[in-house]
Amino acid sequence: MIILGILIIILFILVMWKTISVANNSVKIHDPSKADSIKSFGYKQELIRDMGGFSNFAVSFSIISILTGAVSYYGYGFSQGGPAMMGIGWPLVTLFVLFVAAAMAELTSAIPTSGAIYHWAAILGGPTWGWFTGWLNIIGQVTIVAGIDYGCATFAANLIFQSPSKLQFLSTYFIILMSHAILNHMGIDLVSKLNSVSAIYHLVGVLIIIFFLAMAGPEHHISYVFTTFSTQTKSGTPYWWAFMIGLLQAQWTLTGYDASAHTSEETINPRVRAPWGVFMSVAISGIFGYLLLVLVTISIKNPTAVAAAGNNAFIVAIQQAVGLHFSNYLLWLVTIAMWFCGCSSITSSSRMVYAFSRDGGLPLSRYWKKVSPKFHTPAVAIWLVAIIAFLSGISDGVYAVIGTMSVIGLYSSYVIPISLKFRAKVKGIWTEKDDGPWNLGKYSNFVSVTACAWVIVLMAIMILSPTDVQITSQLIIHYATGKIILAAIVVLVIYYNAYAKYNFKGPKLGSYETLNQRLVDEKSTKSASVE
C-alpha cells in the first residue's frame, strides 16, 4: 500500500504541473487590456469590480479551508478508514478533484458571471438545465455554509464552555452566522480584505500546527498512514466500503472553489484571474492539507480514543500530541480559521442566490435580488442564506448529513455544465473561439470525461452512505441523505412542471446568445430529421 500511496502522490503532482503549464501557455496569448464587462451578458453592472487576483483566489481558498473541512470531519474519516484515510484517501480525492477544478476553470474563463455554474448550464443546455443546476448549487451552497459554521461553533463552544449544552451550542452557532452576515452586508471591499488575510492566516496556521507537532515528536513512522487500516463501523461493513464512505472528509473539504467564479463580476480581468482562483485554490489546499493530516495522524498516541471522539476527534488528537493546556492555543487557531471560512462561504452562496433571483429562478425573487444602495451588496440574499443555514443545523446528528448534502448539491451542479460543454465540443458546437484565455486545448475533453466519471462515483457513495438524523426522541431518519435528496428532487420536479416551466426564461445570454442558438438549431435540425 505504500507503493499505491506514493503512486497517487506522483500522479497528483504530474496532473497539477501539466495543467498549470498548459493553462499558463494559453493565457500568455491573451490581451489583458481587453477587459470583459458584465454588460456583454446583458446585465447592468451592480456589484463593484474591485477584486484582484489574490483576493479572488483567497475567497475559494478560504471556503475550502483545510483547517475547517479536514479538521471538522477528521473523526468521520478516521473512524471509517483509519490512518490510511489520511495517507491514501486524501491524495486520491485531491487528484480527481483537480480534474473537476480544471474543467470548471475553463468554463469560468469562457463565461465569467456571478451566476457561474447556473449560467453555464443555461447557455449550453437551455433554461431547464439552468434552472435545475441553479437549485442544486444553492442547496449545496447553503448546506456548506451550515456545515462550516456548525463545525466552527462545535470547536468554539467546546473551548468556551468545556461541555456545552444544546442551548450554548446553538447560541454560539447563531452568533457566528450573524457576524458573517453583517460583515458581508457591509461590502465586498471589507470581505475581500478579510479573505486575503484569511488565505495568509490559513497557510501560516497550518505551518504553525505542523511545527509544534514536529517539535512534540511523532508517535509513529510515516508508513503508519499507508499501512494501518481500521474501521469503527458496524461489524458487517467491509473495509473497502467504509473507506469509500470516509472519503467524505476530503471531498467535503475540497468543495466551494466555484466561489472564484461566483465573484467574477467583482474581479478585475476575470477571464484570467477567476479561473486561476478556481484551480489553484484546490491545488494548494491539497498540498497543505496533506501535510497537516499526515503529521496529526502520526502524532496520535491512542487511536481508539480518537476514533471514539466523533466530531471532537481532531481536538483529542491535538491534545494527545501536545498536551491539554497548549492544545487550546492551537485549537483556537483552528477555530478562527473556521470563522474566516464561514465568512467567505456566505459571500459565495449569496452571490449565487442573487444571480439566480435576478433571473426569477427562486420564489419571491424580487426580494432576494435586491442590492443594498449603500454597500452595493446582495443584502437580502446574504441574510436569507444565514437564516436557512441556522435552521439547517438545529436537529441532532445532522452534521454528516449536512456534509453529504453539500457535496451532492455542489458536485451535481458542477458536473452538469461540464458534461454539457463536453457534449457541445464533441458535436462541434463549442469551438476554440468559444474558449476563454484559460483553457487546456487538446487535453480539455479528457479532463472533462475524468471529472464527470469521478462525480458520478462520488454521488453514488454519498447517497448510499449510512447517515442518520434524529428528528425527535422517537423519530430517527436512517440513510437520511439519500431520502432527503430524493425528496428534494421530487419537489423540484413538481415545482418546475407546475410553475417554473412556464415562467422561467433563463438568464440573459448577451454575447453568448449565438452559442446558445447553435445548440437550439442543432436540436431542431435533429428533431426534423427524426420526423
Side-chain angles (χ1 to χ4, degrees), residues 69 72-73 76 80 93 96-97 100 117-118 121 125 128-148 150 241-242 244-256 258 345 348-349 352-353 356 361-363 385 388-420 451-471 475-498 500:
S72 299
Y73 280 86
Y76 189 85
Q80 297 289 342
V93 170
F96 284 107
V97 172
V100 182
I117 296 158
Y118 148 64
T128 299
W129 280 113
W131 190 86
F132 280 100
T133 300
W135 267 101
L136 290 169
N137 191 255
I138 286 176
I139 290 172
Q141 292 275 3
V142 173
T143 49
I144 204 171
V145 170
I148 291 167
Y150 192 100
W241 179 238
M244 296 297 284
I245 293 171
L247 293 178
L248 171 64
Q249 179 204 7
Q251 193 62 68
W252 187 78
T253 306
L254 299 173
T255 52
D258 53 318
S345 185
S348 175
S349 55
M352 179 58 205
V353 171
F356 200 32
L362 295 176
V385 169
I388 295 176
F390 177 75
L391 295 176
S392 300
I394 291 178
S395 299
D396 292 331
V398 76
Y399 199 38
V401 176
I402 288 174
T404 49
M405 285 284 291
S406 58
V407 168
I408 292 171
L410 289 175
Y411 274 88
S412 60
S413 70
Y414 294 173
V415 77
I416 290 173
I418 292 173
S419 59
L420 288 172
C452 291
W454 172 247
V455 174
I456 291 171
V457 171
L458 174 68
M459 296 277 288
I461 295 171
M462 296 297 105
I463 289 173
L464 297 174
S465 61
T467 50
D468 298 336
V469 174
Q470 186 166 348
I471 304 299
L475 178 60
I476 299 177
I477 303 178
H478 299 289
Y479 290 90
T481 300
K483 294 175 181 177
I484 293 172
I485 281 292
L486 178 61
I489 291 174
V490 169
V491 170
L492 287 177
V493 169
I494 293 173
Y495 177 62
Y496 178 78
N497 283 285

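Not measured: the values here are computed from a predicted model. Numbering of residues begins at 1 and proceeds along the displayed sequence. All values below come from the heavy atoms of this structure, side chains included, with hydrogens, waters and symmetry mates left out.
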Atom CD1 in Ile139, atom CG in Leu492: separation rounded to 0.5 Å?
5.5 Å

Who pairs with Val415 by side chain to side chain contact (heavy atoms under 4.5 Å, CB included), at least two apart in sequence or on another chain?
Cys452, Val455

Pairwise side-chain contact, Met462 with Tyr411, heavy-atom cut-off 4.5 Å (strictly under):
no

Non-neighbouring partners of Ile456 that pass side chain to side chain contact (heavy atoms under 4.5 Å, CB included), sequence neighbours left out:
none

side-chain contact (heavy atoms from CB on, under 4.5 Å) partner of Ser465, chosen from Ile408, Leu247, Val407, Thr404:
Thr404

What are the two closest heavy atoms between Ile144 and Ser345, and how far apart are they?
CG2-OG, 3.5 Å

For the student: nearest non-hydrogen atoms of Trp135 and Pro363, plus distance
CZ2-CD, 3.7 Å

Supply the atom-to-atom distance Ile148 CD1 to Trp252 CH2, rounded to the nearest 0.5 angstrom.
5.0 Å

Going through the distances and angles, do Phe132 and Val493 end up as a side-chain contact (heavy atoms from CB on, under 4.5 Å)?
CA-CA 9 Å; Phe132 280 100; Val493 169; 4.2 Å; yes

Give me the one residue out of Leu410, Asp258, Ile416 that meets side-chain contact (heavy atoms from CB on, under 4.5 Å) with Ile117.
Asp258

How many angstroms lie between CG in Leu458 and CD in Gln251, if you round to the nearest 0.5 Å?
4.5 Å

Taking the six-membered ring for Trp and the full ring for Phe, Tyr or His, determine whether the centres of Tyr495 and Trp131 are under 6.0 Å apart.
yes

Of all the heavy-atom pairs spanning Val353 and Val385, show the shortest one and how long it is.
CG2-CG2, 3.9 Å

Calculate, to the nearest 0.5 Å, the distance between atoms CD1 and CD1 belonging to Ile494 and Ile489 respectively.
12.0 Å

Taking all non-hydrogen atoms of both residues, which atom of Leu136 and which atom of Ser412 are closest, and how far apart?
CD1-OG, 3.6 Å

Enter the distance from Ile485:CD1 to Met459:CE here, rounded to the nearest 0.5 Å.
7.0 Å

CG of Asn497 to OG1 of Thr128, rounded to nearest 0.5 Å, is 9.0 Å

Could you check whether Tyr73 and Thr253, counting side-chain N and O atoms only, form a donor-acceptor pair closer than 3.5 Å?
no

So which atom in Gly134 and which in Met352 form the shortest heavy-atom distance, rounded to 0.1 Å?
CA-CE, 3.5 Å

Smallest separation among heavy atoms of Val100 and Ile418, with atom names
O-CD1, 4.1 Å

Check the pair Gln249 / Val93 against side-chain contact (heavy atoms from CB on, under 4.5 Å), numbers first and verdict last.
CA-CA 10 Å; Gln249 179 204 7; Val93 170; over 6 Å; no

Are the side chains of Ile138 and Tyr118 in contact, using a 4.5 Å heavy-atom criterion?
no

Run the side-chain hydrogen bond (donor to acceptor under 3.5 Å, both in side chains) test against Ser413 and tell me which residues pass, sequence neighbours left out.
Asn137

